[in-house]
Amino acid sequence: MSETDPRRWKALVFIAIAQLMVVLDATIVNIALPSAQEDLGISDGNRQWVITAYALAFGGLLLFGGRIADLWGRKRTFVTGLVGFAAASALGGAATGEATMLGARALQGVFGALLAPAALSLLAVMFTDAKERAKAFGIYGAIAGGGGAVGLVLGGFLTEYLNWRWTFFVNIPFAAVAALGAYFVIREPAGGRNRSPLDIPGVVLSTLGLVALVYGFTRAESEGWSDSVTVAMFVASVVLLAAFVLTEAKVKSPLLPLRVLTERNRGGVYLSLGLAVIAMFGLFLFLTYYLQIVEGYSPVKTGFAFLPMMAGMIVGSTQIGARLMTRVPPRLLIGPGFLLAAVGMLLLTQLEVGSSYAGLIMPAQLMLGLGMGTAFMPAMSLATHGVEARDAGVASAMVNTSQQVGGAIGTALLNTIAASATSAYIDAHAAGAANPKLVQAQAMVEGYTSAIWWAVGILVVSAAIAATFITTGHQGGPAASGGSVEGAEGEVKIPVMAH
């Protein structure tokens, strides 16, 4: 392996541009969603599929994408992912109806699942010196964290002054620059591939199991929890995911070696992170709708309104989490971090029509961002800390999988809770109301706050899991011994991207 690839810092630029594009896409679509929903005639029941279709394809295929990168070559997988992501973005921007839009979002997820693990492993194999690697991942992590804020503001400008379609078209120049740069600059070290045969049953079972799980949650919103198809989806997901675990225990070259999951600390991280993301994703959706529909904010103003949360995340991850994780045990950062986020979320249960932004929404966002940033950084590090070199990629992909699937479940589950609370409020207050529009707005806010109460509870459970399961000491030493340092420590900070 080349330890001094002279072009490694140039390569970092193009890898970071690609990551910025993926992060931008996650937040930019939230801002554009109300306009796109109206333009394309997407129903309220189906609107979360614009988010869920992407998150599900991305989360369901990440393990497969990581394995393909190891098998096929990381550079080739990275460039293919970029080209495909750009093509899917062009399709989304040109969409004329609901089906095309949802198909384009799913395709973006498929190619994102190739792109993200390839980017992670490229950085891990190109930066082999510990100090350089820390610096490279620090730069990359800051870009990934800040990208969310850029996406919210850029999404607002594009939606308001051009058209929501440009929130998709903007990905094309990013992808073109990153793909050309990667093609000419990146030199992947020789001998880094894992040529074990592909675990096809594992790919099929894991993907179908996750799809069934999230579709069950999504269908419950429109058809109810006792609907026969909803119940069938939950049963199918349990059967498929159980079959996946059994398959992975028996096959010679598993897609997800069970030793990655059964280590107590890592298992605790995956579980607590997945739950925390369920709480966060629903909140992004509700706050966007509250600001734009109830309070009448423009898309640009909505984008700027989210900046305190993003600033809190960046400060929490780079100034608190990253600085303290080499000095204190991770549970003392992850548990309190999620509790601080829960307090921020608790403030938002006080939302009403006309609530003060400066007095309520901004301080709540700052607490949420600081708490999440403080918890996420050591959690990401711990998720890949000390794994064997051959498992480092799949351990990192599992973090992304728990985040993406948590996001898809969170959007669907909290949407269901909000919709039923809104309906109940309208049924109770609509008769004889002097101002039906006000009752409608109050009903929407009632729905949002009911769902946010659930999110508070989920974050408290997350903190409890982190405090109970995570028992390791601080991570001041090397990530692992011998050859696995490259994979383990190298993949520390990246998945902060998936905010």
- From Leu158 atom CG to Trp166 atom CH2, the distance as rounded to the nearest 0.5 Å: 8.5 Å
- Query: Mind checking whether Thr96 and Leu40 have side chains closer than 4.5 Å, heavy atoms only?
  - Reply: no
- Query: Does any non-hydrogen side-chain atom of Glu248 lie less than 4.5 Å from one of Leu258?
  - Reply: yes
- Report yes if some heavy atom in the side chain of Met372 is under 4.5 Å from a heavy atom in the side chain of Phe338; otherwise report no. yes
- Task: Using a 4.5 Å cut-off on heavy atoms from C-beta on, say whether the side chain of Met309 contacts that of Met280.
- Result: yes
- Message: For Phe244 and Leu255: C-alpha separation, side-chain torsions, deciding distance, then whether side chain to side chain contact (heavy atoms under 4.5 Å, CB included) applies.
- Response: CA-CA 10 Å; Phe244 171 65; Leu255 180 72; 4.3 Å; yes
- Item | Min side-chain heavy-atom separation Leu33-Thr288 under 4.5 Å | no
- Counting only heavy atoms not in Phe469, do more than 12 fall under 6.0 Å of its CZ? no
- Item | Backbone N/O of Ala95 and side chain of Arg165: donor-acceptor pair under 3.5 Å | yes
- From CG (Leu20) to CD1 (Ile15), nearest 0.5 Å: 14.0 Å
- Message: Please verify the inter-ring angle class for Trp164 with Phe168; under 30° counts as parallel, over 60° as perpendicular, anything in between as tilted.
- Response: perpendicular
- Task: Could you check Leu333, Leu332, Thr374 and say which one makes a side-chain contact (heavy atoms from CB on, under 4.5 Å) with Leu324?
- Result: Leu333
- Message: Pairing donors with acceptors under 3.5 angstrom, does anything connect the side chains of Asn265 and Glu263?
- Response: yes
- Task: Please report the C-alpha distance between Leu213 and Met233 in whole Å, then the side-chain angles of each, then the deciding distance to 0.1 Å, and finally whether the side chain to side chain contact (heavy atoms under 4.5 Å, CB included) criterion is met.
- Result: CA-CA 6 Å; Leu213 180 66; Met233 283 294 135; over 6 Å; no
- Are side-chain heavy atoms of Arg266 and Val260 found at a separation under 4.5 Å? yes
- Task: Answer whether the closest heavy-atom distance between the side chains of Pro329 and Thr472 falls below 4.5 Å.
- Result: no
- Between the main-chain N or O of Pro254 and the side-chain N or O of Asp199, is there a donor-acceptor pair closer than 3.5 Å? no
- Item | Inter-residue atom distance Ser272.OG - Phe376.CZ, 0.5 Å rounding | 9.0 Å
- N/O donor-acceptor pair under 3.5 Å between Ser206 side chain and Val203 backbone: yes
- Residue of the set Val177, Leu82, Ile186 for which side-chain contact (heavy atoms from CB on, under 4.5 Å) holds with Phe14: Val177
- Between Arg105 and Val29, is any pair of side-chain heavy atoms under 4.5 Å apart? yes
- Whether Gln108 side chain and Ala57 backbone form a donor-acceptor pair below 3.5 Å: no
- Nearest non-hydrogen partners of Ala32 and Thr167, listed with the distance: CB-OG1, 3.6 Å
- Item | Pair Phe85-Asn171, side chain to side chain contact (heavy atoms under 4.5 Å, CB included): steps then yes or no | CA-CA 8 Å; Phe85 199 92; Asn171 290 331; 3.7 Å; yes
- Atom pair CG (Leu273) and OG (Ser462), whose distance is rounded to the nearest 0.5 Å: 7.5 Å
